[in-house]
Amino acid sequence: MFDNLWKKTLAATLGLSLCASLTVAQEKYGFGTKADPAEIAKYDIDIHIDGKGLPAGSGNPALGAEIFEIQCAICHGEQLQGVRAMGANSLHEGRRDIKKLPYATSLFDFIRRAMPLTDPGTLSNDETYGLVAYLLTQTGVLKDKDVVLDAKSLAAIKMPNRGNFIIDPASRFSAKDVH
Amino acid sequence: MKKITQFKPNRRHFMQAGMATSAALLANSALAEDSVLIPSRGPGRLISETGTYGVRSQYAKEVRMKGSANGLVGGAFTPLQNSQGMVTPSGLHFEVHHSGVPDIDPSEHKLLIHGMVKDKKIFTMEDLLRFPSVSHFHFLECAGNGMGEWMAPRGKSVQQTHGLTSCSEWTGVPLKILLNELGVHGNAKWLLAEGDDGARLARSIPLWKAMDDAFLAYAQNGEFLRAEQGFPLRLIVPGFEGNMNIKWLRRLELSDKPWWTHHEVTEYADPRPDDKIRAFSFFMEARSVITSPSAGMKLNGPGFYEISGLAWSGAGTVKKVEVSTDGGAIWQDASLQAPVLPKCHTRFHMPWTWDGRETTIQSRTTDDTGYVQPSYEEMYKLQGPIGLMHNNAIQNWHIAQDGEITNVR
């Protein structure tokens with residue numbers, strides 16, 4: 001199957017290079033299929049820092065606590081302390097400290113894209129909002145233990161550590177390009 | 001003139017070949033009684049038994065060292081201690097995974113490019129193979145290569161201290177061809193590159209890099225990618241953190257802002273002693289290490305040894321490698337083995353006669369931007385002794401009087 005691709009490709013490339021040598025510039029190769037919005041929506045799971053991509057639904061810390069107990073505590077620990085034997089660091093301090101995230105959208109995005117480790121993609125939108133609410137209250141970022149997070153309120157959260165990120169000048173970007 | 005002996009097929013040989021029992025063939029060696037020659041080995045393994053995909057000799061034992069707490073997040077370290085030349089065999093290339101290794105049928109794999117582009121398109125592998133291709137030799141290095149070495153020398157071998165770097169020839173489609181084909185929006189500055197593994201690993205990639213030398217690779221060292229290296233498609237951003245070279249690439253989305261994904265704000269950001277965190281530190285800076293002799297080896301008495309090692313820079317081309325065999329007092333230029341390519345492992349050599357006295361050997365590289373590989377002391381000034389990623393400090397190997405080599409600071 002895949003090995004036949006070489007042959008097809010060779011034929012196509014030969015044809016193409018002949019064209020290219022005859023015409024000065026190849027306008028468009030034209031390969032690929034136009035993606036319609038419904039098709040894009042199937043893949044488009046990321047959350048932008050302005051909240052674009054956050055789905056409908058909502059959740060509070062109580063719902064998050066329930067899900068955390070069932071799905072997360074085995075690796076992350078009941079007190080978010082991390083279980084080293086499972087390869088999970090503390091979510092309270094160090095590299096994975098949730099308080100230090102620059103954007104709450106990063107947290108929603110990561111839980112939705114990759115967690116739980118052995119069954120990613122199985123949490124509902126409400127459960128994911130609930131987990132973000134639970135983690136942000138447990139780490140002291142949000143004070144209101146009854147907070148309800150949805151697309152609007154999550155996007156509005158100002159994470160306290162945002163100003164402590166220094167942009168590597170070698171990246172050729174400055175603060176305005178990244179926030 | 002040498003007498004040409006006519007080849008006489010041995011009837012028994014062919015009968016046995018038909019039975020495909022090479023052991024019987026090996027027994028079929030007779031030596032003339034008056035011969036002083038070392039006896040011929042006789043016929044070897046039957047061609048029908050050598051396999052249609054070659055395997056290495058049973059005596060070649062180099063293997064990677066694996067590590068993972070939960071079986072899904074972790075990787076494998078390249079055995080640099082006996083590495084030769086600049087290319088890493090595909091089967092010894094380092095790996096770091098965030099949700100294991102997916103098994104992807106290339107006929108079903110798709111790449112979506114969308115966001116701030118005029119035309120949003122889905123490409124099959126067949127589509128991508130039709131575009132013009134490029135091949136380049138590049139190293140890939142995990143940003144965490146040498147993570148365990150920041151505080152103190154811990155690794156028992158160069159495989160443990162430096163084994164998360166490898167070098168291959170990669171072949172694929174220049175990303176700028178695809179982006180020009182689709183038409184990039186004037187305000188776009190970033191791309192999200194996303195994998196099709198369980199972690200759907202995602203990193204924000206600068207558009208300037210995509211329009212410079214980034215490409216979408218489908219082949220490594222002359223054959224399709226290994227599953228562990230992202231089959232059927234991986235992003236190559238030459239010289240950038242290994243983690244950004246997204247494997248099993250399924251999606252590229254263009255935007256005016258980065259995403260600050262989990263991996264770029266936690267694992268691959270650099271905490272500093274002043275509580276600030278350095279973000280978007282893409283470049284793997286110039287680094288070198290002596291691979292032989294190195295920790296875990298033992299010199300067999302005074303005499304000649306060739307010092308051999310690897311140097312590389314994510315910012316450019318290796319310009320110079322200096323080697324010291326007296327603990328850093330005198331530095332001599334090593335010879336660089338051609339080819340010396342940008343963002344690629346460069347093999348260096350230096351002849352050395354060990355006088356049998358205790359000493360420390362080390363290497364230091366300078367790239368064509370003028371950047372000089374730092375010592376640990378110099379590196380601490382930037383990131384402090386708490387750093388994790390981007391350890392590119394000079395490596396010291398201590399040689400004891402008995403020839404034992406160990407990792408020291």
Side-chain angles (χ1 to χ4, degrees), chain A residues 1-2 5-6 8-9 12-13 16-17 20 28-37 39-40 42-50 75 84-88 94-97 100-103 105-107 109-110 113-114 117-118 120-121 161 164-168 170-173 177-179, chain B residues 68-70 72-74 98-99 106-107 112-114 119-133 177 181 189-190 192 194 198-202 206 208 224 232 250-251 253 255 257-262 265-267 269 271-272 275-283 315 388:
Chain A
M1 197 187 308
F2 203 41
L5 284 180
W6 285 124
K8 289 185 198 171
T9 305
T13 312
L16 204 67
S17 52
K28 292 254 184 188
Y29 295 96
F31 309 139
T33 312
K34 194 176 181 306
D36 60 46
E39 187 70 12
I40 292 171
K42 287 190 218 164
Y43 290 85
D44 193 4
I45 55 169
D46 61 280
I47 316 296
H48 296 248
I49 53 175
D50 62 1
C75 294
R84 289 293 291 177
M86 303 299 281
R95 286 199 292 164
R96 314 277 176 85
D97 188 342
K100 290 191 175 164
L101 292 176
Y103 290 93
T105 49
S106 305
L107 188 54
D109 178 277
F110 183 66
R113 93 173 36 253
L117 182 66
T118 53
N161 199 42
N164 282 327
F165 281 85
I166 307 294
I167 312 307
D168 183 353
S171 72
R172 306 189 196 173
F173 289 114
D177 302 314
V178 300
H179 291 296
Chain B
S68 173
N70 52 38
L72 291 172
V73 183
H98 296 270
S99 186
S107 69
L112 168 64
I113 306 182
H114 70 120
D119 297 326
K120 291 114 174 90
K121 274 196 166 181
I122 290 172
F123 297 95
T124 62
M125 288 308 300
E126 198 170 330
D127 293 329
L128 293 171
L129 282 156
R130 290 185 68 183
F131 283 99
S133 66
I177 290 184
E181 176 92 353
K189 284 182 182 159
W190 293 88
L192 184 77
E194 180 179 273
R200 292 185 282 201
L201 188 72
W208 66 258
F224 285 119
R250 73 165 199 172
R251 190 163 72 95
E253 180 178 351
S255 180
K257 304 287 182 194
W259 281 255
W260 295 86
T261 67
H262 166 78
V265 297
T266 59
E267 317 223 353
R272 307 195 315 183
D275 276 344
K276 305 274 189 198
I277 300 170
R278 185 175 67 153
F280 304 115
S281 45
F282 308 134
F283 287 91
L388 289 162

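A, B, ... follow the sequence lines: proteins, then strands. Residue 1 opens every chain.
Residue B:Thr124: no heavy atom, backbone or side chain, is found under 4.5 Å from chain A. In this structure, the portions of A:Ala170 lying under 4.5 Å from any heavy atom of chain B include both its backbone and its side chain. Looking at A:Tyr103, only its side chain comes within 4.5 Å of chain B, counting heavy atoms on both sides. Of the two parts of A:Ile45, the backbone and the side chain both hold a non-hydrogen atom closer than 4.5 Å to a non-hydrogen atom of chain B. Neither the backbone nor the side chain of B:Ile113 has a heavy atom closer than 4.5 Å to any heavy atom of chain A. With a 4.5 Å cut-off on non-hydrogen atoms, A:Leu101 touches chain B through its side chain but not through its backbone. Contacts between A:Asp97 and chain B at a heavy-atom distance below 4.5 Å are absent for every atom of the residue. Neither the backbone nor the side chain of B:Leu128 comes within less than 4.5 Å of any heavy atom of chain A. Looking at B:Arg251, the atoms closer than 4.5 Å to chain A (heavy atoms on both sides) all sit in the side chain, from C-beta outward. If you measure heavy-atom distances from B:Pro271 to chain A, you find no contacts under 4.5 Å at all. With a threshold of 4.5 angstrom between heavy atoms, B:Ile122 approaches chain A through its backbone and through its side chain. When heavy atoms are compared at a cutoff of 4.5 Å, B:Glu253 approaches chain A solely by way of its side chain, counted from C-beta outward. Heavy atoms closer than 4.5 Å to chain A are found in both the backbone and the side chain of B:Val265.
Across every non-hydrogen atom of A:Met86 and B:Ala69, the tightest pair is C-CB, 4.0 Å. B:Lys121 approaches A:Phe31 most closely through the heavy-atom pair NZ-O, 3.1 Å.
Atom NE2 of B:His98 is separated from atom CG of A:Leu117 by 11.5 Å, given to the nearest 0.5 angstrom. Here A:Asp168 contributes atom CG and B:Arg278 contributes atom CZ; the two are 5.0 Å apart, rounded to the nearest 0.5 Å. In this structure, the separation between CG on A:Asp177 and NZ on B:Lys189 is 4.0 Å, given to the nearest 0.5 Å. Atoms CG and CD, from A:Asp46 and B:Glu194 in turn, are 6.5 Å apart once rounded to the nearest 0.5 Å.
Contact count against chain A (heavy-atom pairs under 4.5 Å) is highest for B:Trp208 among B:Phe282, B:Phe280, B:Trp208, B:Phe283.
For B:Phe131 and A:Tyr29, the ring centers sit closer than 6.0 Å to each other.
Of the possible polar contacts, none joining the B:Lys276 side chain to the A:Phe165 backbone as a donor-acceptor pair under 3.5 Å is found. Between the B:Trp260 side chain and the A:His48 main chain, no donor and acceptor come within less than 3.5 Å of each other.
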